[in-house]
Student: 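Got a structure for you, questions after.
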Amino acid sequence: MNRNIVLCGVGGQGILLSAKIIASAAELTGFEVTTHEIHGMAQRGGSVTAQIRYGRNVHSPLILEGQADVLASLEACEALRFGHYLRPGGLAVVSSQRLIPVTVSTGQARYPENLDKRLQQAFPRLILRDFCALASGLGDVRMSNTIMLGALAAELAEITTETWNEAIKLCLKPAFLNSNLAAFQAGAKA
Amino acid sequence: MRQLFSGNEAIARGAWEAGVKTAFGYPGTPSTEILENFARYPDVYAEWSPNEKVALEAAVGASLAGARSFVTMKHVGLNVAADPLMTLSYIGVRAGLLIVVADDPGQHSSQTEQDTRHYARLAKVPIVEPGHAGECREYMIRAFELSEKYCCPVILRTTTCVSHSRFLTDTAERQEHPFPPFAPNPSQYVPLPVWGRKLRVKIEERLDAQVADNAADLAWHREFTRQSDLGIISSGVTALHCLDVFPEATILKLGWSWPFPDDLLRAFAAKVKRLIVIEEGDPILEEHVRALGLEAEGKNVVPRTGELTPARLALVKAALEGQDANLPAPLPSAADLPTRPPILCAGCPHRGIFYALAQFDVVVTGDIGCYSLGVFPPLSRTDVVLCMGGGFTMAHGMTKAGETRPVVGIVGDSTFFHSGITGLLNIVYNRSPATCIVVDNRTTAMTGHQEHPGTGCTLQGEKTASASIEAIARACGVTRIQVVNPYDIAETTRALKEELSAQEPSLIISRAPCILKEKKAIGKPYAIEPQKCKNCRACLKLGCPAIEAADKRTKPTINPQLCTGCSMCAQVCRFDAISS
Ligand code: SF4
Ligand code: SF4
């Protein structure tokens with residue numbers, strides 16, 4: 001069995017750190033792991049995706065469309081953009097946060113209005129929460145990504161809670177550790 | 001111990017383990033992190049050179065002096081370093097020398113898609129292609145042995161996918177490889193025609209030996225034996241995708257991919273009923289397989305352009321089988337989503353100069369860097385981009401052709417030192433009225449903030465001389481030089497107006513540090529007072545990602561998390577609605 005996870009969002013949201021934590025948790029569990037990152041030319045504001053594959057027999061670092069077990073997005077629009085990566089029966093974990101791209105602000109494009117409905121139609125198994133608001137509630141909006149991890153963790157049952165905590169410890173500076181462990185738990189309950 | 005390394009990190013690790021003493025390079029996505037990582041290892045010297053040609057020539061000197069060395073660059077960088085590469089193949093190396101080149105199939109962050117294997121063939125030097133981080137490390141070590149065995153440079157080619165994917169990678173201790181000091185040997189190292197002709201013959205002998213060696217040295221190649229109906233020959237990460245997408249096919253993954261291991265190719269072809277060559281880039285291997293008299297498919301079904309992703313390989317498989325690939329298409333509800341193209345960051349100093357330029361009817365010849373993004377609306381102030389340094393030189397040519405509008409050539413600071421200086425020199429020497437702008441943000445920003453000769457700091461973090469753009473321009477003979485603060489839109493506009501009307505060469509240095517690097521320059525966010533805002537949308541002409549306006553009826557607002565407090569929007573608002 002191989003696991004395929006696609007993360008997406010907008011530059012600066014912490015997608016790459018989330019990918020690192022998932023990979024680390026899978027490695028600690030004893031799997032072969034590979035990750036892949038795509039970030040556009042500019043460092044902020046562009047679409048960012050990361051892919052994680054782990055299991056016993058991993059070759060390519062890239063996930064074929066329609067084969068992701070989990071699709072997790074920190075931005076509502078981006079979840080739809082990468083929606084076709086999810087396999088039938090897979091889980092979508094989406095933050096309802098909306099980030100307006102410049103193409104919309106300058107009138108070249110429109111930001112869709114009925115996003116929640118579109119998301120519900122596209123993803124039969126959907127966890128849709130405002131991770132950004134939850135993170136603000138915990139004192140730091142930058143922890144949206146950790147809350148998202150907490151929300152998807154139950155789907156990856158082969159990784160234990162202890163291992164998740166261990167992986168978070170490995171990937172974060174000690175100063176941010178306790179708040180992020182709390183954020184992970186909050187995500188698991190969300 | 002195994003570590004989760006990216007391809008780039010693994011290359012650095014392999015170099016260190018191989019006892020490399022010196023490394024040189026110029027930043028270029030996706031290759032940049034190789035040298036940054038290598039520089040952190042103990043007992044090594046690593047530098048950002050002004051450009052790739054300088055880097056390779058320095059590495060040649062280091063190799064001759066007895067230090068294992070390598071250079072890093074992206075594919076277009078090898079165009080710049082092509083001149084020394086061609087002759088290096090003749091004079092050869094002493095201590096091993098690797099040229100690490102990262103190709104960018106799919107053009108994730110490049111102006112062209114180029115297959116570096118052509119350069120291996122052109123220069124007649126071996127090329128190896130790791131497919132993942134583990135092989136990146138291993139191939140670095142083995143390629144140094146190869147380089148020293150044949151006294152020739154070896155190219156190690158990665159692609160974006162290899163450079164930026166992480167795999168669990170073995171590590172080992174560093175092995176030193178001491179060499180005796182340099183001893184003069186003119187007939188080997190000075191390719192005057194009389195000796196060059198002899199060296200030329202030796203290259204062919206070297207190639208013949210390598211062809212035999214490559215087919216015999218099976219450690220470079222991997223065969224995955226499955227069913228024999230379909231055999232695939234591939235290399236690099238493409239071979240890994242094939243393993244997933246073609247679960248029944250027998251696959252030969254080449255590691256040392258040129259000169260070709262002819263006997264191995266023949267033996268493999270004999271084992272399978274139907275043979276296809278699947279290579280990312282040009283049909284170099286495929287044409288050779290056919291030239292060997294073997295029957296093979298390839299680019300008749302394999303795409304010629306772009307990255308060969310698993311999805312595109314699934315289409316190849318479907319085409320071979322005459323079936324439907326059954327790949328899920330993008331969601332119908334994603335059809336009208338707004339795009340999120342790369343843009344200048346909130347508070348980027350380049351925004352000021354492009355906004356000011358947009359007030360004039362000029363032709364703008366641009367260059368490679370974050371400031372290439374000045375082409376996008378709403379700024380729309382770049383008309384042509386060619387290559388590193390081309391911003392100045394194309395402007396010169398345009399004025400000579402009699403372009404009636406003022407012509408503005410733009411290069412960045414790192415680009416100025418890379419290959420902008422000669423263009424400026426030419427503008428002065430051959431008297432063109434072009435207006436040159438150096439958008440000087442004190443760093444190589446696009447590739448992630450590398451040092452360069454103007455920053456006063458080396459790759460390894462030591463203080464050094466800082467080259468002055470003004471002094472270089474004066475030495476070239478430019479007499480009209482203005483330094484402007486691009487955050488001051490009125491002042492920048494005034495300077496532009498003066499220089500655009502000048503009938504002689506002029507230089508504007510638009511100087512302010514990259515806001516992503518100089519985080520301490522980030523000020524209090526600005527905000528728009530809705531009562532004062534008339535929704536005239538003048539501020540939106542800056543294209544700042546922090547200014548959001550969901551639709552035409554909604555007055556713009558500023559996202560305080562993105563805003564860096566640069567004040568430019570407050571300067572362009574005529575209703576005084578924006579303040580901090
Ligand atoms: S420029 Fe001023 S008045 Fe015009 S839309 Fe922007 S904030 Fe409102
Ligand atoms: S001050 Fe205005 S232009 Fe500058 S970053 Fe903030 S919103 Fe953008």
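Just so it is clear: chains get the letters A, B, ... in the order the sequence lines come, proteins before strands, and each one is counted from 1. Computed from a prediction, not measured in an experiment: that's the story for all the values here.
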Student: Output the residues of residues 57-65 of chain A for which the shortest heavy-atom distance to chain B is under 4.5 Å, in residue-number order; output 'none' if no such residue exists.
Tutor: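 Residues of residues 57-65 of chain A touching chain B at under 4.5 Å: His59(A), Ser60(A), Pro61(A), Leu62(A), Leu64(A), Glu65(A).
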
Student: Please check this pair: side chain of Thr34(A) against backbone of Phe167(B), looking for a donor-acceptor N/O pair closer than 3.5 Å.
Tutor: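 Not confirmed, Thr34(A) side chain does not pair with Phe167(B) backbone.
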
Student: With a 4.5 angstrom heavy-atom cut-off, could you sort out which part of Gln51(A) is near chain B: side chain, backbone, both or neither?
Tutor: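 Neither part.
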
Student: So, using side-chain hydrogen bond (donor to acceptor under 3.5 Å, both in side chains) as the criterion, who are the partners of Ser6(B) when residues are at least two apart?
Tutor: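 Once residues adjacent in sequence are excluded, Ser6(B) has no partner under the side-chain hydrogen bond (donor to acceptor under 3.5 Å, both in side chains) criterion.
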
Student: In terms of heavy-atom pairs under 4.5 Å with chain A, which of His132(B), Lys552(B), Arg2(B) leads?
Tutor: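 Of the candidates given, the most pairs with chain A belong to Arg2(B).
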
Student: Using heavy-atom distances under 4.5 Å, tell me whether Cys242(B) contacts chain A through its side chain, its backbone, both, or neither.
Tutor: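 Answer is neither: Cys242(B) stays 4.5 Å or more from chain A.
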
Student: Got a list of side-chain donor-acceptor pairs under 3.5 Å for residues 180-190 of chain A, not counting sequence neighbours?
Tutor:
| unit_1 | atom_1 | unit_2 | atom_2 | d |
| --- | --- | --- | --- | --- |
| Asn180(A) | OD1 | Thr146(A) | OG1 | 2.5 |
| Asn180(A) | ND2 | Phe176(A) | O | 2.8 |

Student: Which bit of Pro377(B) comes within less than 4.5 Å of chain A, counting heavy atoms only: side chain, backbone, both or neither?
Tutor: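 Both backbone and side chain.
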
Student: Please output the residues of residues 76-88 of chain A in contact with chain B, using a heavy-atom cutoff of under 4.5 Å, in numerical order.
Tutor: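 So the qualifying residues are Cys77(A), Glu78(A), Leu80(A), Arg81(A), Gly83(A), His84(A).
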
Student: Just give me the residue among Leu327(B), Thr339(B), Leu4(B) that pairs up with chain A most often, heavy atom to heavy atom, under 4.5 Å.
Tutor: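 With the most close heavy-atom pairs to chain A, the winner is Thr339(B).
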
Student: Would you check if Arg166(B) and His36(A) make a side-chain contact, meaning some heavy-atom pair closer than 4.5 Å?
Tutor: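 With C-beta onward as the side chain, the pair stays apart.
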
Student: Answer with side chain, backbone, both or neither: which region of Arg53(A) has an atom nearer than 4.5 Å to a non-hydrogen atom of chain B?
Tutor: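 Looking at Arg53(A), just its side chain touches chain B.
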
Student: Less than 4.5 Å apart, side chain to side chain, heavy atoms only: is that true for Arg142(A) and Gln561(B)?
Tutor: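 The answer is no, as the side chains (C-beta and beyond) never meet within the 4.5 Å cut-off.
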
Student: Between CD of Gln120(A) and OG of Ser333(B), what distance do you get to the nearest 0.5 Å?
Tutor: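 Gln120(A) CD to Ser333(B) OG: 12.0 Å, rounded to 0.5 Å.
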
Student: Using 0.5 Å steps for rounding, measure from the OG1 atom of Thr106(A) to the CD1 atom of Ile547(B).
Tutor: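 Output value for this atom pair is 11.0 Å.
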
Student: In terms of heavy-atom proximity below 4.5 Å to chain B, should Tyr54(A) be classed as side chain, backbone, both, or neither?
Tutor: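 No part of Tyr54(A) comes within 4.5 Å of chain B.
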
Student: Which heavy-atom pair separates Ser105(A) from Ala549(B) by the least distance, and what is that distance?
Tutor: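 Smallest heavy-atom distance, with atoms named: OG-N, 3.1 Å.
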
Student: How long is the straight-line distance from CG of Leu562(B) back to CG of Leu99(A), given to the nearest 0.5 Å?
Tutor: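 With rounding to 0.5 Å, CG (Leu99(A)) is 7.0 Å from CG (Leu562(B)).
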
Student: So which of Thr238(B), Thr160(B), Leu313(B), Leu240(B) has the largest heavy-atom pair count under 4.5 angstrom toward chain A?
Tutor: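 The answer is Leu240(B).
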
Student: Atom CZ of residue position Arg222(B) - does it have more than 12 heavy atoms of other residues, nucleotides or ligands inside 6.0 Å?
Tutor: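 No - once you tally the heavy atoms of other residues, nucleotides and ligands closer than 6.0 Å, there are 12 at most.
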
Student: Side chain, backbone, both or neither: which part of Arg537(B) has a heavy atom under 4.5 Å from chain A?
Tutor: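 It is the side chain, since no backbone atom gets that close.
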
Student: Where does Ala133(B) contact chain A at under 4.5 Å (heavy atoms): side chain, backbone, both or neither?
Tutor: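 Interface part for Ala133(B): neither.
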
Student: Go through the atoms of Leu540(B) and report whether side chain, backbone, both or neither lie under 4.5 Å from a heavy atom of chain A.
Tutor: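 Contact with chain A: backbone and side chain both.
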
Student: Which one, Cys544(B), Pro556(B), Ala311(B), leads in non-hydrogen pairs under 4.5 Å with chain A?
Tutor: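 Counting heavy-atom pairs under 4.5 Å, the top option is Ala311(B).
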
Student: If you define the side chain from C-beta out and look only at heavy atoms, does anything of Val10(A) sit under 4.5 Å from Arg340(B)?
Tutor: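 SC-SC contact between Val10(A) and Arg340(B) confirmed.
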
Student: Check whether any side-chain heavy atom of Leu331(B) lies under 4.5 Å from a side-chain heavy atom of Phe123(A), and answer yes or no.
Tutor: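 Yes. Closest side-chain heavy atoms under 4.5 Å.
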
Student: Would you mind reporting whether Asp336(B) and Arg110(A) have side-chain heavy atoms less than 4.5 Å apart?
Tutor: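 No - every pair of side-chain heavy atoms lies 4.5 Å or more apart.
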
Student: Is there a side chain to side chain contact (heavy atoms under 4.5 Å, CB included) between Arg118(A) and Leu337(B)? Walk through the geometry before answering.
Tutor: CA-CA 11 Å; Arg118(A) 286 195 196 192; Leu337(B) 295 180; 4.1 Å; yes

Student: Checking Pro330(B) against chain A: side chain, backbone, both or neither under 4.5 Å from a heavy atom?
Tutor: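 Both backbone and side chain.
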
Student: Nearest 0.5 Å, what's the CD-OG distance between Glu37(A) and Ser163(B)?
Tutor: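 Atom-to-atom, Glu37(A):CD and Ser163(B):OG are 11.5 Å apart.
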
Student: Over all heavy atoms of both residues, which pair between Val104(A) and Ala550(B) is shortest? Give the atoms and the distance, please.
Tutor: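 Distance-wise, the nearest heavy atoms are CG1-O, 3.4 Å.
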
Student: Side chain, backbone, both or neither: which part of Asp551(B) has an atom under 4.5 Å from a heavy atom of chain A?
Tutor: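 The answer is neither part of Asp551(B).
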
